[in-house]
There are 2 protein chains.
Amino acid sequence: MVTIKDIARRAGVSPSVVSRALNNKYGVKESTRQLIKNIAREMNYYPNAAARRLVTRKSGMIGVMMADISEPFYTQIIKGMEYVASQTGYTLLFSNSYDNLEKTNVLQKMIVTENVDGLVIVGSNRQDTSFIGMLLERKIPFVLIERNFKKDKVNCIWIDNKKAAYTATKFLLEKGHKKIAHIAGNLQNQVAIERLAGYTQALKESGVPEPNRLVIHGNFVCEDGYRAMQEILRAQPDCTGVFVANDSMTYGALQAIHEAGFAIPQDIAVVGFDDLEFSAFTNPPLTTIRQPRYEMGKKSMEILIKILQGEEKNGINLCLPFELVIRNSA
Amino acid sequence: MVTIKDIARRAGVSPSVVSRALNNKYGVKESTRQLIKNIAREMNYYPNAAARRLVTRKSGMIGVMMADISEPFYTQIIKGMEYVASQTGYTLLFSNSYDNLEKTNVLQKMIVTENVDGLVIVGSNRQDTSFIGMLLERKIPFVLIERNFKKDKVNCIWIDNKKAAYTATKFLLEKGHKKIAHIAGNLQNQVAIERLAGYTQALKESGVPEPNRLVIHGNFVCEDGYRAMQEILRAQPDCTGVFVANDSMTYGALQAIHEAGFAIPQDIAVVGFDDLEFSAFTNPPLTTIRQPRYEMGKKSMEILIKILQGEEKNGINLCLPFELVIRNSA
DNA sequence: TTGTACGCGTTATCAG
DNA sequence: CTGATAACGCGTACAA
């Protein structure tokens with residue numbers, strides 16, 4: 001292993017000069033700096049992260065928490081984060097929180113053993129909230145995605161889920177649908193609550209009577225959408241429109257509709273939520289609310305890193321625009 | 001920050017005793033060990049990873065390289081890896097290699113600055129091979145997924161792509177299809193070559209004349225499958241079956257077929273490759289070759305960690321079984 | 001069984 | 001502008 005000592009010996013200087021030269025700090029003659037940099041390159045030197053972390057008490061690592069990294073919803077978020085992180089030299093540390101971030105001690109580990117400089121936490125689970133106080137107290141910068149806390153010093157990136165759901169439902173209403181069902185997400189999540197609220201509001205405003213509202217719950221996965229749709233078809237056979245709380249469930253719903261022999265959108269119109277990559281390739285291509293997922297990831301990391309570098313202060317609340325993407329399912 | 005010194009002071013012993021106690025090493029009286037452990041828990045002690053890494057020269061981290069973490073193909077592989085890693089206390093470090101692992105210096109960084117204890121590298125890009133010699137030389141244990149190098153001391157996990165493609169094509173032939181096209185992957189990848197070979201062999205064996213073979217190339221993404229299928233429909237209008245090198249491209253192909261007004265599988269039968277989660281929810285549900293992706297990830301990590309812990313030696317070559325999942329697209 | 005002393009590679013402080 | 005020295009927190013010979 002090549003260390004700064006080796007370079008110092010070759011360059012005929014002391015290790016501390018090498019350190020300063022390589023880190024572009026003041027107080028090194030330009031000629032010696034170049035000499036040292038050349039030698040470092042020649043010897044194929046790479047700094048030892050552990051040693052550096054130990055003394056600087058900074059890790060150059062950012063922890064990323066999400067429910068389940070294997071959900072397609074996260075891929076673009078991750079990609080956006082990765083882009084910024086790699087540009088700025090930060091390393092990302094991922095961890096799944098599954099249903100509950102606070103039951104596990106992954107956060108503790110990230111903070112105390114890995115010394116992450118900051119965190120991005122994706123998700124709106126309503127049970128997970130006390131970690132915020134903990135992070136604030138420890139003064140670990142963090143950015144929340146899918147949350148909208150007005151609390152001071154908390155950084156949030158979110159979209160207006162209620163308005164988006166309202167827009168989606170309104171779209172179905174304007175197409176002339178009278179009986180519109182909703183496949184809701186797990187109401188443990190704030191986003192599910194808000195999408196349900198948007199759906200309800202749109203129907204109310206249009207004067208749709210209570211019995212014509214039908215809400216079935218799922219947990220954001222294909223299978224649940226499939227089952228929920230079957231139930232809708234059974235419970236409300238004259239339903240002609242469905243708004244689904246996310247695209248994964250919508251995929252399941254589409255299948256259930258096909259199997260029941262109905263045409264989309266002629267018999268039943270469907271609007272989803274998320275605009276996953278795959279949603280342009282369903283049959284028919286999905287009309288859905290687009291969440292700017294790549295942007296969410298990118299922004300979260302940009303904000304966090306700016307805060308880490310003192311260029312920005314905590315308390316940022318960023319509401320990103322959604323968009324109704326009209327394809328052929330409604 | 002709570003350190004072993006703090007605990008030592010509270011326990012009235014020296015730091016070294018604390019270290020040994022917490023690491024369950026011999027040479028500590030059981031009573032003092034318990035005392036120390038209790039105090040550690042009380043004080044909410046977590047070891048500092050940087051300090052430990054610096055002295056032990058082990059990082060407890062495993063690097064994972066793949067082309068693009070946002071591809072749905074990888075999600076289950078990652079999940080399998082994560083499961084084993086979290087069980088055994090290892091931390092995973094992900095990095096995208098995009099087209100070419102060796103152009104970037106991410107591997108260098110992982111090895112030299114982050115000190116990863118081992119690596120899992122997913123992909124079969126034929127340009128990326130020299131890194132193997134480098135890893136062997138540095139004696140960094142690593143496991144390759146999607147490769148089958150017979151080389152000594154190299155650990156490989158793979159499936160028999162040629163046989164799988166042969167099976168898929170044979171299935172179409174047995175259904176009576178005479179003109180079967182193939183949407184191949186990027187031939188820079190070994191897996192694409194082998195799937196093409198399996199397709200070709202099946203047709204040859206069945207005596208299908210050369211002009212009835214049609215191969216269009218794509219790069220494993222939806223859009224390419226869409227375009228390729230359009231080309232097939234144009235170039236060989238009497239084609240009744242298509243074998244596609246991966247499911248993502250298959251999704252695009254399905255859409256192209258729908259748009260052209262053909263029925264699946266009545267007019268055109270389609271067989272894919274991978275069995276992504278979503279493939280059960282296409283219209284119609286996809287007949288495809290299932291790759292045991294979760295298992296691949298799980299096994300890779302199990303093998304790597306066993307090697308790291310000296311319970312296993314390098315040179316493992318594991319061929320996992322594939323399976324033709326018959327749904328409704330063929 | 002316990003304690004002492006040292007070193008891992010780097011950066012920061014302070015003196016030259 | 002440069003160099004010596006002392007940390008950072010932990011693990012480990014070796015001595016007690």
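Just so it is clear: chains get the letters A, B, ... in the order the sequence lines come, proteins before strands, and each one is counted from 1.
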Tabulated below should be each protein N or O lying under 3.5 Å from an N or O of nucleotides 14-16 of chain D; please produce it.
none

Intermediate values then yes/no, side-chain contact (heavy atoms from CB on, under 4.5 Å), B:Ile4 and B:Tyr45: CA-CA 8 Å; B:Ile4 52 172; B:Tyr45 167 80; 3.5 Å; yes

Please examine the side chains of B:Ile316 and B:Lys306, heavy atoms only from C-beta on, and report whether any two atoms are closer than 4.5 Å.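 A side-chain contact is absent here, since even the closest heavy-atom pair is not under 4.5 Å.
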
Any A:Gln188 side-chain heavy atom under 4.5 Å of A:Gln127 side chain: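 A:Gln188 reaches A:Gln127 side chain to side chain.
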
Just how far, in rounded Å, is [atom2] of [N] from [atom1] of [X]?
X	N	atom1	atom2	value
A:Asp6	C:dC8	CG	P	11 Å
A:Leu22	C:dT11	CG	C1'	12 Å
B:Glu114	C:dT10	CD	P	13 Å
A:Asn115	D:dG9	CG	P	10 Å
A:Lys25	C:dT10	NZ	P	14 Å

Computed from five pairs at either end and rounded to 10 degrees, the angle between the axes of the helix from C:dT1-D:dA16 to C:dG16-D:dC1 is 40°

Side-chain-base donor-acceptor pair under 3.5 Å for A:Ser16 and D:dA4: yes

Ignoring hydrogens and geometry beyond distance, is the side chain of B:Thr32 in donor-acceptor contact with the base of C:dT2 at under 3.5 Å?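 Check fails, no donor-acceptor contact within cut-off.
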
Only one of A:Ile111, A:Leu304, A:Val143 passes side chain to side chain contact (heavy atoms under 4.5 Å, CB included) with A:Leu119, and that residue is A:Ile111

Mutual orientation of the aromatic rings belonging to B:Tyr83 and B:Tyr294 [parallel < 30°, tilted 30-60°, perpendicular > 60°]: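 Tilted.
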
Side chain of B:Val17 only, please: which of C:dG3, D:dC10, D:dT2 is the nearest?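 Minimum distance to the B:Val17 side chain belongs to C:dG3.
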
Nucleotide of D:dG9, C:dT1, C:dT11 approaching A:Asn23 most closely (side-chain heavy atoms):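 Looking only at heavy atoms from C-beta outward on A:Asn23, the closest nucleotide is C:dT11.
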
Quick check: closest heavy atoms across A:Ile145 and A:Met296, and the distance to 0.1 Å?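 Closest approach of A:Ile145 to A:Met296, heavy atoms only: CD1-O, 3.7 Å.
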
Do A:Gln76 and A:Gln291 have side-chain atoms, one donor and one acceptor, less than 3.5 Å apart?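 No donor-acceptor contact under 3.5 Å links the two side chains.
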
Nearest-0.5 Å distance, [atom1] of residue [X] to [atom2] of residue [Y]:
X	Y	atom1	atom2	result
B:Thr129	B:Phe149	OG1	CZ	6.5 Å
B:Gln87	B:Lys298	CD	NZ	9.5 Å
B:Asn314	B:Lys151	CG	NZ	12.5 Å
A:Ile39	A:Leu35	CD1	CG	4.0 Å

Where along residues 7-15 of chain A does a heavy atom fall under 4.0 Å from DNA chain C? none

Tell me which residues in residues 36-61 of chain A put a heavy atom below 4.0 Å from DNA chain C, sorted by number, or none. A:Tyr45, A:Pro47, A:Asn48, A:Ala51, A:Arg52, A:Val55, A:Thr56

Compile the donor-acceptor pairs under 3.5 Å between side chains in residues 11-20 of chain A and protein atoms, sequence neighbours left out, one pair per line.
from: A:Ser14; atom 1: OG; to: A:Ser16; atom 2: OG; distance (Å): 3.0
from: A:Arg20; atom 1: NE; to: A:Ser16; atom 2: O; distance (Å): 3.2

So B:Ser19, base contact, sugar-phosphate only, or nothing? Heavy-atom distance under 4.0 Å.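 Result for B:Ser19 = base.
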
Enumerate donor-acceptor pairs with a distance under 3.5 Å from any side-chain N or O in residues 54-67 of chain A to protein atoms, sequence neighbours excluded.
from: A:Thr56; atom 1: OG1; to: A:Arg52; atom 2: O; distance (Å): 2.8
from: A:Thr56; atom 1: OG1; to: A:Lys58; atom 2: N; distance (Å): 3.2
from: A:Thr56; atom 1: OG1; to: A:Lys58; atom 2: O; distance (Å): 3.3
from: A:Ser59; atom 1: OG; to: A:Met61; atom 2: N; distance (Å): 3.0
from: A:Ser59; atom 1: OG; to: A:Asn115; atom 2: O; distance (Å): 2.6
from: A:Ser59; atom 1: OG; to: A:Asp117; atom 2: OD1; distance (Å): 3.4

Decide yes or no on side-chain hydrogen bond (donor to acceptor under 3.5 Å, both in side chains) for A:Asn148 and A:Asn317, but give the supporting numbers first. CA-CA 7 Å; A:Asn148 174 22; A:Asn317 187 288; 3.0 Å; yes

